[in-house]
Amino acid sequence: MPSTPPAAPSRRQLAVPLGALALFTTGVWGRPDGEAWGVVYDLVLYNAVYLGAAVVCAAAARRSSTERGAWAAMSLAFVLGIAGNVVYTLVVATLDPEPFPSVADAFYLAYYLPLYVALLGLIRTRVPRFHASMWLDGVIGALGGAAVAVSLLLGPALEVTEGDPAAVFTSLAYPMADVLLLAVLVALGSILGLRRDLTVSLLAAGILANLAGDIVFLNLATQGVYVEGGPLDLSWLLGVSLMAGAAHISRPGRRELPDSSLSTRVGWRVLAVPLVCVLASLVVLAAGWGGTFSPVAGWCAIGCVLAALARTAITFREVRAFQEVREQARTDELTGLPNRRALLEDARRVLGTATARHPAALLLLDLDGFKEVNDSLGHHAGDSLLRQVGPRLRGALRGADTLARLGGDEFAVLLPDVALDEAQRTAERLRELLQQPFLVERTRLHVGASIGVSTAPVPAATVSELLRCADVAMYAAKASREGVRVYVPDPHGGTGDRLHTMEELRTALQDGDQLAVHLQPQVDLADGRVVGVEALVRWHHPVRGLLSPAALLPAAEQAGLLRPLADAVLELSLTAAARWWPERRVPVSVNLSAADVTDLDLPAKVTRALDRHGLPAAALTLELVEDTLMADPERGRAVLGELRRLGVRTSIDDYGTGYSSLAYLRHLPADELKLDRSLTLDVGRDPRAAAIVRHTVALAHDLGLTLTAEGVEDADTAAVLARLGCDTAQGYAVARPMPVDALLAWLETPVRLQQL
Ligand code: C2E
Ligand code: MG
Ligand code: MG
């Protein structure tokens, strides 16, 4: 059954004590003559305030489950007050001489007990968990309050020691009960700290009014000049009404300490009351130095100062523990580097001061081929590699830069106060460092990194934008295999938001003809014959224009659309190939991602597609990056093996960028090896690069693979590559990727390499 919310307190309840208080006030400075009026004021109105307060407290107790005990105790206190008043007015005051102590005093003194219980109860409900420092704050508050109360306010009363022991005891009991009340109240303030808690504030005001009344009463009574029903009585009634007000407005469950964490225990609001208590105690001690020293006050003050010293020690320990916990919460367990939380905190701080003239930059690093290390050598090796990243990169960074591990194989570097070109240089430097081999379990491992760079406040104004921009750039770097990419804001006003792109891509795949392939020919280096054509996906985005794979593949990967995309590209590529196949037997190469290579349905899908277009298996070459096969080598090899049995050629793309060694080639079911541009770029200038190509060619040929050089941009490089033994070339030197119609035209009059 759903629990019903507590009923809102009725205003009428509060009207009784407040009304009675107002009426009583009318008689304070002169009431009508007659004994009956005395009864009306001193018996009826006076006790009506108490009774009304008791009812309000009882109602508060009924409303609340957590503060029930506290308000019930306070209600009981007022009932005891009424009993004392009634007995005093009806019995004690009529006796001559008035006995002291009397039964009324028993009630009056008993009144304090439930009041203490109520105060302690209210502390309890507001502090879910007690720290040692809280107890000490309470002790400091209590002792400090007591020291002040004893020495300044109640000192003289405490020295009354002569006469009837019962009378001495009773007259001492009142001020002591008051001192204790004040001590509990200050302890309450000390524990809860200064905060907006109207219930506690009203309660404190009520108790202080009560105490003030008691103090004045003690002084007047000692001098024998107290008059019942005078203005002094108002202080008690006001106190009672204020306490009733506190009960009336109490809404339990709302004002608990938001979190009793250490951070909330070291703020000034919490320390204010204990601090004042200690200062007051020191004043008490200093004043006592001169002579008029109440030993009780002195001991209270000394106790307060000692408690404060202990509190300082505990605070010191708590702050240190807090710092340690904070550091742990900011540290990545595996690498000991700052973690994502630390990076976000630092980034927020850095962005706070970054300006267009003094921008900040974020580099997002993702290791290439890390998954393969993990998969093939085990998590142990992966962890060991990750641990080496921090020490390796740290030397290339400034002291103020933050190098953090965000999770997995993703790292981030926050660079305060750097311009974009400097940030880019740093990124290049870090990438070079990461390309050097890592020694893991006595194996030299080669991993690279893709790094996205973005700056703030332009183009990213906030931390999340900065992360997003760097993330987009990093994915672009990964897809294009460029290593380092700077975030470039989308000039067409697109959000650059990959989520958005993912949705658009889903639509593009379902309908319309936004997707296309551009085709790039491959020529035989010996005679310039066109021996192949690579299909490269393009997206005619309705708003952002022609998008390259770098913009499209990460979105496809994230959206889980790689397979549908591969299907679409296969379809487009075979449609194109079917247009030239009857005249020239040039196969079309289609790129596969890891998701496709592990697709056990791929061979069947490919067969069906070839059949649909009336093409033989020889019309198709499937390219895959060596790393993609390592995601699930067994399954990948099975799929490739099956495809080759069908007669489809397979090609290892981007060879030289991955992590595998030459020896690994032996196990790859492939027909062709495509040397990545990074290996062929410098063959004309760098003898070492030439040596690598020569040896790779030799090995590829030994294994029965043909060798294609990628990214050949000029005829000189093509010539060198031909000399080194490469079979075919692909690159701008031959032709740029182009739409199908343009390729068909190009095929009619191909530019021969010799002509370049
Ligand atoms: P890739 O398969 O190695 O394709 C060659 C990339 O190099 C193409 O970039 C091409 O435009 C570019 N390129 C060609 N000649 C030169 C040159 O002389 N110099 C330079 N600097 N670059 C040259 P593109 O089209 O941006 O494709 C990038 C990568 O995206 C491809 O690299 C491939 O890994 C992937 N990709 C392309 N289409 C598809 C696809 O349909 N499916 C999948 N899974 N991946 C694709
Ligand atoms: Mg390719
Ligand atoms: Mg390639």
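Counting convention: from 1, in listed order, for ligands and their atoms alike. Keep in mind that this is a model prediction, so the values were computed, not measured. Starting from 1, each residue takes its place in the sequence as its number.
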Step through the shown structure and confirm whether more than 12 heavy atoms of other residues, nucleotides or ligands are within 6.0 Å of NE2 on His701. yes

Under 2.8 Å from the Mg ion (ligand 2), which protein N, O or S atoms do you find? Ignore water molecules. Glu534 OE2, Asn591 OD1, Glu623 OE1, Asp653 OD2

So does Arg579 pair up with Asp741, basic N to acidic O under 4.0 Å? yes

Less than 4.0 angstrom from a charged side-chain N to a carboxylate O is my criterion; do Arg529 and Asp527 meet it? yes

With side-chain hydrogen bond (donor to acceptor under 3.5 Å, both in side chains) as the test, would you mind laying out the steps for Ser450 and Asp368 before giving the verdict? CA-CA 7 Å; Ser450 301; Asp368 296 332; 2.9 Å; yes

Identify, with sequence neighbours excluded, every residue that meets side-chain hydrogen bond (donor to acceptor under 3.5 Å, both in side chains) alongside His518. none

Neighbouring protein residues of ligand 1 - any heavy atom closer than 4.0 Å: Gln520, Glu534, Leu536, Val537, Arg538, Pro549, Leu553, Val569, Asn591, Leu592, Ser593, Glu623, Asp653, Asp654, Arg677, Glu710, Gly711, Val712, Glu713, Gly731, Tyr732, Pro737

Side-chain (Arg677) to main-chain (Thr680) donor-acceptor, under 3.5 angstrom: no

Measure from the side-chain N and O atoms of Glu713 to the backbone N and O of Gly731, and report whether any donor-acceptor pair falls under 3.5 Å. no

Between Ala670 and Arg644, which heavy-atom pair has the shortest distance, and what is it? O-NH2, 3.6 Å

Of all pairs that satisfy salt bridge (charged side-chain N to carboxylate O under 4.0 Å, His left out), the ones with a partner from residues 425-441, not counting sequence neighbours: Glu422-Arg425

